[in-house]
Amino acid sequence: MDHAPPTRSAPPAFRAWDSDISAADVARQDGTPGWVSLVGEDVWWDEPRPHEAGRRCVVRAKPDGRVEDVLPPGFDARNSLHEYGGRSWRPAGTDLVFTHWNDHRLYLHHPDAQDPPRPLTPPRGNVTYGDLYVPPSRDEVWAVRETRRDGARDVERALVAVSIDTGAERTVAATHHFMTCPRLSPDGRHLSWIGWNHPQMPWDGTELCVAPLLRDGTAGPHRVRAGGPRESVVQAEWRDSHGLWAVTDPDGWWTLHVVPAHTGPARAVTRTEEEFGGALWKPGATWFAPLPDGRAVAVHGTGAGRRVSLVDPDAGPGLPVLADLGLPCTDFVPSIDADAHRLVTAGAGTLLPYSVVTADLPRPGARGARVLSTPRTTPVDPAWLPRPTARAFPRPATTPAGEAPRGPGAPVHAHTYPPTHPRRVTPGGERPPWVLFVHGGPTGDHPMVYDLEIAYFTSRGIGVATVDYGGSVGYGRAYRERLNGAWGVVDVDDCVTVAHALVREGLADPRRIAIRGGSAGGWTALAALTHTDAFAGAVSSYGITDPLTWAATTHDFESRYLDGLIGPLPADSALYEQRSPVLAASRASGPALLLHGLDDAIVDPAQSSAMARALREAGLPHEHVEFPGERHGWRRAETIRAALDAEIRFYERIFGPPHGSGAGTTPPAAPATRS
């Protein structure tokens, strides 16, 4: 493919179309339902409340369809385990045990009582709990306890048990630097957990451990039953007292296995080239739920679409191991629960916002899928919504640097959302502007679902392409590991490949393609702006701009992440400098918009400040906006609105002046810098 830079003559005039989808609409529907549980005949989940300072509220749906809050006002079911947070609540019988964001303590709440939640753990500013689990027939909650000693890097973790009656706490196990997924066997005699150590990330390699539970309630000597340095176990649940279900990837795909508890090899239940798991960013994530009869329900698929199936590991000859349950979703939140009769999860489709969905398991008289949660904004007329297409763009024979592309010959995966408006079309003979959305992680993905933020732009005449570049989940380990040692190269090359393909197909104007992303996506956007000539501008939200300082200052969970993505320090410091957007700021091919929350503990706000300073010193146009009180990602409605308003104004400037302005041949003016 020809990687020559696009012509930089003045683009045609552009003014965003008027749209019925406002920034306030996006803010009201921001976020997704979170953890889900079946509680008797009720269904419980947590949901975002952008208009309540971004708190997470646990709610329940009654059998008659009524939805009511379980968590009282003023309480926020979140925690900062690994900074991104882990499972933050569980039902304890008909009560609720949860972690409260404001003080990171464990609380117990009786939903139908008038009493406020009762704290179980003492106030300690350096301790947080997450990945909550309530063992059956035990009056205690198990959790991962994280204790910070001296700064963001000096952290200890352990599996602990806290009495629901007295708050007494004991350490159950402390075998790895990172631990997750504590589970008790049905007979109460053994426990299991998943652990790993630096410099591994949980998608690189983890260990599934099984140990006897001793009389004092602590774990005895453990055995590793699955996993290793090059095998990633991301979830394990007891199938019975003699074996477990586990999602692990010895063959390069996260698939379901049955693992004997004590001796013998694991047996693969599914062998399709699909993912039955994902990147373990938030401890407590579940992609499958065991059933009492030895079967399971599981989410599986690829980045192009996922579904939920009934899994029978003992299906007889000629019978299917997987039976699709027909849920109306193409992507799912990694949280699922089931009992003998029904399941609950949260998912979305191309015309369905992320919603809580329940369905009966197959049996005579079973009811099909039912959506329980309701959107907090007026439903959008489908005429305003783009119809996305899953694409696989061939990679070029050489990269922009003239090198052979890294990794296997898989194409670049992306989803395209064309400009869509019920009454407007792109003027005849004119190609519309496009924006490439780059997901964070970088070990993440961008599902092809209803997304009001995307529709905000497509309804204003801007096409959107979401790029699952090499390094993304959903396409197997080989595709994910294309990024190893090549962060800032493969991700950038893949975005350029998509941009050039859109131009070659006649879909996009080469002078009006921008790129945007958050966190690691912000890094890719700025790296593409400063190391290629493919983009007219870039938007970075809480993005990394200088990998050397980020590696030295970020939190414990990701402190060794760049060992695999770029290389170990100090040996590979030259590579860090070579790929740094800050050090290449003078070569930016267009303006930049930098957005950052001032309370961000994952990517220090200084990262965006440094980029703004470098662009200013180079005399290049940029805008720098900071949001007090926001952390890594936008939670507050006012921030979501302000960020979207700033972004659409930015695109109107860089994509060309409006019709009739008399400035059709004048380059866009430099936006002012502000903090």
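FYI, the numbering just counts along the sequence from 1.
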Exercise. Tell me, do W253 and T270 make a side-chain contact under 4.5 Å, heavy atoms counted?
Worked result: no

For this session: Verify, without hydrogens or angle tests, whether W550 (side chain) and L562 (backbone) share a donor-acceptor contact under 3.5 angstrom.
Result: no

For this session: Output yes when a side-chain donor or acceptor of T345 lies under 3.5 Å from a complementary backbone atom of S335, and no otherwise.
Result: yes

For this session: Using atom types as modelled and distance alone, determine if a side-chain donor or acceptor of T206 lies under 3.5 Å from a backbone N or O of G195.
Result: no

For this session: Would you please say whether a donor-acceptor pair under 3.5 Å links the side chains of D451 and Y456?
Result: no

For this session: Is it possible for you to check whether R653 lies under 6.0 Å from the centre of the six-membered ring of Y651, through NZ or CZ, and within 45° of that ring's axis?
Result: no

For this session: Go through W434 and F457 one step at a time and tell me if the side-chain contact (heavy atoms from CB on, under 4.5 Å) criterion holds.
Result: CA-CA 9 Å; W434 282 68; F457 294 106; over 6 Å; no

Exercise. Checking side chain to side chain donor-acceptor pair (under 3.5 Å) for the pair T248/E231: CA distance, chi angles, key distance, verdict?
Worked result: CA-CA 7 Å; T248 185; E231 181 182 340; 2.6 Å; yes

Exercise. Can you tell me how far CZ of F178 sits from CG of L81, rounded to the nearest 0.5 angstrom?
Worked result: 9.5 Å

Seminar exercise, completed: In this structure, CG of L529 is separated from CZ of R516 (nearest 0.5 Å) by 15.0 Å

For this session: Answer yes if the side chains of E273 and Y475 hold a donor-acceptor pair under 3.5 Å, and no otherwise.
Result: no

Problem set entry | Contact check, side chains of Q578 and V489, non-hydrogen atoms, under 4.5 Å | no

Exercise. Can you check whether A585's main-chain N or O pairs, donor with acceptor, with T530's side chain at less than 3.5 Å?
Worked result: no

Exercise. Which pair of heavy atoms, one from L352 and one from G347, lies closest together, and at what distance?
Worked result: CD2-O, 4.5 Å

For this session: State whether a side-chain donor-acceptor pair under 3.5 Å links T302 with E275.
Result: no

Seminar exercise, completed: Residues G470 and V490: closest non-hydrogen pair is O-CG1, 3.9 Å

Problem set entry | Pair R307-E274, side-chain contact (heavy atoms from CB on, under 4.5 Å): steps then yes or no | CA-CA 11 Å; R307 61 193 186 278; E274 295 181 307; 3.1 Å; yes

Problem set entry | Modelled atom types, side-chain donor and acceptor of D324 and S309, under 3.5 Å | no

Problem set entry | Heavy-atom neighbours of R271 CZ exceed 12 at 6.0 Å | no

For this session: State, without any angle test, whether Y561 and T443 hold a side-chain donor-acceptor pair at a distance under 3.5 Å.
Result: yes

Exercise. With side chains defined as the heavy atoms from C-beta onward, is the minimum distance between T255 and V269 less than 4.5 Å?
Worked result: no

Problem set entry | Check: P570 main-chain N/O paired with S573 side-chain donor or acceptor under 3.5 Å | yes

Exercise. Is T330 reaching over with its side chain to a backbone N or O of R306, donor-acceptor style, under 3.5 angstrom?
Worked result: no

Exercise. With sequence neighbours left out, what residues match E577 under side-chain contact (heavy atoms from CB on, under 4.5 Å)?
Worked result: L548, L583

Exercise. Hey, do the aromatic rings of W196 and W203 have their centres closer than 6.0 Å?
Worked result: no

For this session: Answer with yes or no whether the side chains of D546 and T549 bring together a donor and an acceptor at under 3.5 Å.
Result: yes

Seminar exercise, completed: Smallest heavy-atom separation, W487 atom then A520 atom, equals CZ2-CB, 3.9 Å

Problem set entry | Qualifying residue for side chain to side chain contact (heavy atoms under 4.5 Å, CB included) with V467, from I515, T416, V496, V498 | V498

Exercise. Any side-chain heavy atom of V503 within less than 4.5 Å of one from R431?
Worked result: yes

Problem set entry | Any donor-acceptor N/O pair, D249 side chain to S232 backbone, under 3.5 Å | yes

Exercise. Do E630 and T639 meet the criterion of a side-chain donor-acceptor pair at a distance under 3.5 Å?
Worked result: yes

Exercise. Hey, are the side chains of V234 and W287 touching, using non-hydrogen atoms and a 4.5 Å cut-off?
Worked result: yes

For this session: Give the minimum heavy-atom separation between V259 and A266, together with the two atoms involved.
Result: CG2-CB, 3.9 Å

Exercise. Between T554 and V603, is any pair of side-chain heavy atoms under 4.5 Å apart?
Worked result: no

Exercise. Are H439 and T466 close enough that a side-chain donor and a side-chain acceptor fall under 3.5 Å?
Worked result: no

Problem set entry | R387 to Y417 six-membered ring, cation-pi geometry met (6.0 Å, 45°) | no

Problem set entry | side chain to side chain donor-acceptor pair (under 3.5 Å), paired with E83, selected from H555, R631, H632 | R631

Problem set entry | Closest non-hydrogen atom pair between A536 and P591, with its separation | O-CD, 3.2 Å

For this session: Determine whether the side chains of H177 and N197 contain a donor N or O and an acceptor N or O closer than 3.5 Å.
Result: no

For this session: Working to the nearest 0.5 Å, report the span between OH of Y469 and CG of D491.
Result: 6.0 Å

Exercise. Taking side chain as C-beta onward, heavy atoms only, is K282 less than 4.5 Å from W35?
Worked result: yes

Problem set entry | Pair D556, H198: side-chain N/O donor-acceptor within cut-off below 3.5 Å | yes

Problem set entry | Euclidean distance, S580 OG relative to I544 CD1, rounded to 0.5 Å | 11.0 Å

For this session: State whether R230 and E481 are salt-bridged, where the test is any N-O pair (Lys NZ or Arg NE/NH1/NH2 against Asp/Glu carboxylate O) under 4.0 Å.
Result: yes

Exercise. CG/D563 to CG/D572 distance, rounded to the nearest 0.5 angstrom?
Worked result: 9.0 Å

For this session: Spell out, as yes or no, whether a donor-acceptor pair under 3.5 Å connects the side chain of D600 to the backbone of I602.
Result: yes

Problem set entry | Side chains of D468 and D494 in contact at under 4.5 Å (non-hydrogen atoms) | no

Problem set entry | Distance-only donor-acceptor check, side chains D131 and T180, under 3.5 Å | yes

Exercise. Distance under 6.0 Å and angle within 45° of the ring axis: does R480 meet both against W254?
Worked result: yes

For this session: Could you tell me how the ring of W281 sits relative to the ring of F557: parallel (under 30°), tilted (30 to 60°) or perpendicular (over 60°)?
Result: perpendicular

For this session: Please lay out, stage by stage, how W523 and R579 fare under the test side-chain contact (heavy atoms from CB on, under 4.5 Å).
Result: CA-CA 10 Å; W523 151 276; R579 298 177 191 173; 4.0 Å; yes

Exercise. If we ignore angles and hydrogens, is there a donor and acceptor under 3.5 Å between the side chains of E207 and H176?
Worked result: yes

For this session: Please report the shortest heavy-atom distance between P250 and H257, naming the atom on each side.
Result: CG-NE2, 3.8 Å

For this session: Kindly say whether D204 contributes a backbone atom to a donor-acceptor pair with the side chain of R477 at under 3.5 angstrom?
Result: yes

Problem set entry | From CD1 (I640) to CD (E453), nearest 0.5 Å | 8.5 Å

Exercise. Any chance the rings of F288 and H300 have centres within less than 6.0 Å?
Worked result: no

